[in-house]
Amino acid sequence: MTHQAHAFHMVNPSPWPLTGAIAALLLTSGLAMWFHFEYMSLMNLGLIIMILTMIQWWRDIVRESTFQGHHTTPVQKGLRYGMILFITSEVLFFFGFFWAFYNSSLAPTPELGESWPPTGVITLDPFEVPLLNTAVLLASGVTVTWAHHSIMMNNRKETIQSLLLTILLGLYFTALQAAEYYEAPFAVADGVYGSTFFVATGFHGLHVIIGSLFLLTCLVRQINFHFTSNHHFGFEAAAWYWHFVDVVWLFLYVSIYWWGS
C-alpha cells in the first residue's frame, strides 16, 4: 500500500463478476430445463463455470487481503458493513417465507379444509429428526464460537479442530435433512403446506451448504497461516453467517415443525 497516499482499496478490473453472472444465468435456466425436460447439460455447464468462478475470485481476494495488504482498517470496516447489510437482506428473504406460512396457517381457507395442517396432509414428528437437527445446529454454533475464541488467542491447533468439527456438524445436518426429504409423507406439490415447508426449509438447507463451504475455505486458509489474532475478518464473516443460519433454523423449527404440525 506504500505507493498510494490513502488507506482505501481501489479494486482492479476483474472478469469474475461477469463469469459469475453468466454462470448464474446458465444455472437457473439449466435447472428449469432439467425440471421440465430432464436435460442436464446446461445446468452442468453453469455449475462448472460457477465453481471455477468461485475458486478464482476467492483466490484473488485472499491474495489481496493476505499477501498484498489491501485490507487495511478502513477497508475491513467497509467489509463489515457490507456483511451486516447482506445478512439483513437474508433476514428479509426468509421473512417472506414466514409471512407466506403464517398467512396460510393462521387463517386457513375453505380450500384447505379450514384447518392447519390442511386436511389430508400427514406432518412430520417435530420430536424426531427435526429435534436432532436442532441439537446438531446448536452444537455447531458452540464449535464455531470456540473457533473464534481460539483464533483470537492465537491457538492454531484448537482453531483447526473446532472449524473441522463445525464443518462435520454442518454436513451431518445436510445429510439428515436429505434423508428427511426422502422419507417425507408429502411433496412440494401438496398445496400451500408442501410449498411453504419445502421452500423455507430447502432454502435454509442451501444456506447451510453455503455456510459449510464458507467455513471450509476458512479452514484451508487457517491451515495455510492466513489468519492472525487481529486480522481474520474472513473467518468473522463466516461465523456471523453461521450464527444467522442457526437462528433462522430455530424460527423454522418452532414455526413450521412444532407449531405448524
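We count residues from 1, following the sequence as given.
- Few gaps surround CG on Leu92; more than 12 heavy atoms of other groups in view lie less than 6.0 Å from it.
- Phe67 is linked by a ring pair (Phe, Tyr, Trp, His ring centres under 6.0 Å) to His226, counting only residues two or more places apart in sequence or in another chain.
- Applying the salt bridge (Lys or Arg N to Asp or Glu O under 4.0 Å) rule to pairs touching residues 68-79 yields nothing, sequence neighbours excluded.
- Between Phe97 and Phe203, the ring centre distance stays below 6.0 Å.
- Identified under the salt bridge (Lys or Arg N to Asp or Glu O under 4.0 Å) test for residues 16-36, with sequence neighbours left out: none.
- Checked by atom type and distance alone, the side chain of Thr196 pairs as donor or acceptor with a backbone atom of Tyr193 at under 3.5 Å.
- No more than 12 heavy atoms of other residues, nucleotides or ligands sit less than 6.0 Å from atom CH2 of Trp34.
- Considering only heavy atoms from C-beta on, Phe244 stays 4.5 Å or farther from Phe86 through its side chain.
- Here the side chains of Ser261 and Leu124 are not in contact, with every heavy-atom distance at 4.5 Å or above.
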query: Could you walk me through whether Thr166 and Thr143 pass the side-chain hydrogen bond (donor to acceptor under 3.5 Å, both in side chains) check?
result: CA-CA 6 Å; Thr166 308; Thr143 55; 2.7 Å; yes

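- Counting heavy atoms from C-beta outward, Phe235 and Val144 have side chains that approach closer than 4.5 Å.
- Ring geometry for Tyr241 versus His207: interplanar angle under 30°, hence parallel rather than tilted (30 to 60°).
- The side-chain tip of Arg156 does not point at the ring of Phe227 from less than 6.0 angstrom away and within 45° of straight on.
- Using a 4.5 Å heavy-atom threshold, the side chains of Gln161 and Asn155 count as separate.
- Between Gln76 and His231, some side-chain heavy-atom pair lies under the 4.5 Å cut-off.
- Under the 4.5 Å side-chain criterion, counting only non-hydrogen atoms from C-beta, Leu165 is in contact with Trp146.
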query: After noting the C-alpha distance and the side-chain angles of Ser140 and Tyr172, does the key distance pass the side-chain hydrogen bond (donor to acceptor under 3.5 Å, both in side chains) rule?
result: CA-CA 10 Å; Ser140 73; Tyr172 184 41; over 6 Å; no

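- A distance of 6.0 Å or more separates the ring centres of Phe251 and Phe94.
- Annotation: Trp259 is not in aromatic contact with Tyr253 [ring centroid separation under 6.0 Å not met].
- Side-chain atoms of Leu138 and Trp249, non-hydrogen and from C-beta on, never get closer than 4.5 Å to each other.
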query: After noting the C-alpha distance and the side-chain angles of Ser150 and Ser162, does the key distance pass the side-chain hydrogen bond (donor to acceptor under 3.5 Å, both in side chains) rule?
result: CA-CA 9 Å; Ser150 300; Ser162 50; 4.5 Å; no

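- Side-chain contact between Trp240 and Ile84: present, with at least one pair of heavy atoms (C-beta onward) separated by less than 4.5 Å.
- Aromatic pair Phe101/Phe197: centroids not less than 6.0 angstrom apart.
- The closest donor-acceptor contact from the side chain of Asn103 to the backbone of Trp99 lies at 3.5 Å or more, if one exists at all.
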